[in-house]
Amino acid sequence: MPTKLVALLLITPFVAAFLYAAWHEYRRFRREGPVEDWREKFDIDEDAPGYEPPPEDTDTETEGSEEMDDARTRIEATVTSNDVVLFMKGNKTMPQCGFSSRVAGVLNYMGVDFRDVNVLEDEGIRQGIKDYSDWPTIPQLYVKGEFVGGCDIITEMTLSGELDQLFEDKGVSYSKEAAEKIREANA
């Protein structure tokens, strides 16, 4: 029997079951509207092994906000006390993602003295930096307390010479020759 036919015969019952369930959910939705709280629809077996009751809502909100305030304070202190800061996954000598590696590589190659902050070591910082800058991705580069951008923006600025100009305007030392070599290699 041909392989494609066997694959089709194996997958057909799953597709039929999916379509059947989707049709019934559509009919239920048309009759009842959206379900606001699914938990009410299911019985919870509190005697089941491993059951943990949901946490009480006493001080969880204040604890989380205190952690976020602490992270924000640490981020603010780091950004304002260093000329160049890179919030990244990993560190400048061993980045742990390709985007962080690219930005750290550019800064290292250009001889920029920068502070690296490994967001993988602290979940508060990892989420806090996204909230602080209102930028959803990491890495994030700050120069003299000002958010510059992430990997794509830094790459474009390096290739256009805007990063050189930013460093000159802010008084950050870097190797002009290295920046030119990066542009020559990517021309």
Side-chain angles (χ1 to χ4, degrees), residues 37-39 50 52-187:
D37 188 2
W38 281 96
R39 293 176 142 244
E52 294 180 22
E56 296 180 20
D57 292 339
T58 54
D59 290 328
T60 54
E61 195 170 307
T62 37
E63 285 178 21
S65 63
E66 286 175 12
E67 286 179 22
M68 290 306 287
D69 289 344
D70 178 48
R72 185 172 186 81
T73 303
R74 289 184 290 150
I75 290 167
E76 183 80 32
T78 303
V79 167
T80 56
S81 64
N82 296 283
D83 288 346
V84 181
V85 181
L86 180 62
F87 289 88
M88 61 185 293
K89 294 179 181 175
N91 58 46
K92 64 172 95 177
T93 57
M94 187 175 280
Q96 294 183 1
C97 90
F99 301 116
S100 294
S101 178
R102 179 181 290 179
V103 177
V106 166
L107 296 174
N108 284 328
Y109 189 77
M110 290 174 64
V112 176
D113 182 32
F114 68 99
R115 165 82 191 278
D116 56 337
V117 178
N118 184 355
V119 300
L120 299 176
E121 292 177 347
D122 186 342
E123 185 60 36
I125 296 292
R126 186 175 186 172
Q127 183 57 45
I129 192 61
K130 294 175 184 180
D131 297 336
Y132 181 80
S133 63
D134 197 25
W135 190 261
T137 60
I138 294 169
Q140 295 184 15
L141 180 67
Y142 290 80
V143 177
K144 298 280 186 162
E146 178 184 329
F147 174 62
V148 180
C151 181
D152 292 342
I153 292 172
I154 301 306
T155 302
E156 289 175 20
M157 289 178 74
T158 303
L159 296 178
S160 70
E162 290 177 74
L163 191 61
D164 302 25
Q165 188 63 47
L166 175 69
F167 287 152
E168 288 174 12
D169 292 347
K170 299 286 187 174
V172 174
S173 64
Y174 72 101
S175 169
K176 184 84 169 161
E177 292 174 17
E180 291 296 331
K181 285 183 182 178
I182 291 172
R183 282 189 281 283
E184 287 173 13
N186 289 284

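The side chain to side chain donor-acceptor pair (under 3.5 Å) test applied to Ser81 returns no partner, not counting sequence neighbours. By the side chain to side chain donor-acceptor pair (under 3.5 Å) test, Ser133 is found to be paired with Gln140, residues two or more places apart in sequence or in another chain being considered.
Looking only at distances, no side-chain donor or acceptor of Ser100 sits under 3.5 Å from a matching main-chain atom of Pro95. Between the side chain of Asn91 and the backbone N or O of Met94 there is at least one donor-acceptor pair closer than 3.5 Å.
Considering all non-hydrogen atoms of both residues, Thr137 and Trp135 come closest at OG1-NE1, 3.1 Å. Of all the heavy atoms in Lys144 and Val172, the pair that sits closest is CE-CG2, 4.2 Å. Residues Asp113 and Val84 share a closest heavy-atom pair of O-CB, 3.9 Å.
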Residues Phe99, Ile138; criterion side-chain contact (heavy atoms from CB on, under 4.5 Å); working and verdict: CA-CA 8 Å; Phe99 301 116; Ile138 294 169; over 6 Å; no
side-chain contact (heavy atoms from CB on, under 4.5 Å) assessment of Asn186 paired with Thr155: CA-CA 11 Å; Asn186 289 284; Thr155 302; over 6 Å; no
Steps toward side-chain contact (heavy atoms from CB on, under 4.5 Å) verdict (Arg126, Lys89): CA-CA 9 Å; Arg126 186 175 186 172; Lys89 294 179 181 175; 3.8 Å; yes
Audit row: Leu166, Val148, side-chain contact (heavy atoms from CB on, under 4.5 Å) steps and yes/no: CA-CA 9 Å; Leu166 175 69; Val148 180; 3.7 Å; yes
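No cation-pi contact links Lys181 to Tyr109, judged by a cut-off of 6.0 Å to the six-membered ring centre and 45° from its axis.
In this structure, Tyr142 and Phe147 have tilted ring planes: the angle between them lies in the 30° to 60° band.
A salt bridge links Arg74 to Asp70: at least one charged side-chain nitrogen sits closer than 4.0 Å to a carboxylate oxygen.
Lys92 places none of its side-chain heavy atoms less than 4.5 Å from the side chain of Leu107.
With values rounded to the nearest 0.5 angstrom, Arg102 atom CZ is found 13.5 Å from Met88 atom CE. Here the OG1 atom belonging to Thr78 is positioned 6.5 Å from the CD1 atom belonging to Ile125, to the nearest 0.5 angstrom.
A side chain to side chain contact (heavy atoms under 4.5 Å, CB included) with Leu86 holds for exactly one of Val103, Ile154, Val143, Val117; it is Val103.
Counting only residues at least two apart or on different chains, the salt bridge (charged side-chain N to carboxylate O under 4.0 Å, His left out) pairs with a member in residues 150-176 are Glu146-Lys170, Asp164-Lys176, Asp164-Arg183, Glu168-Lys176.
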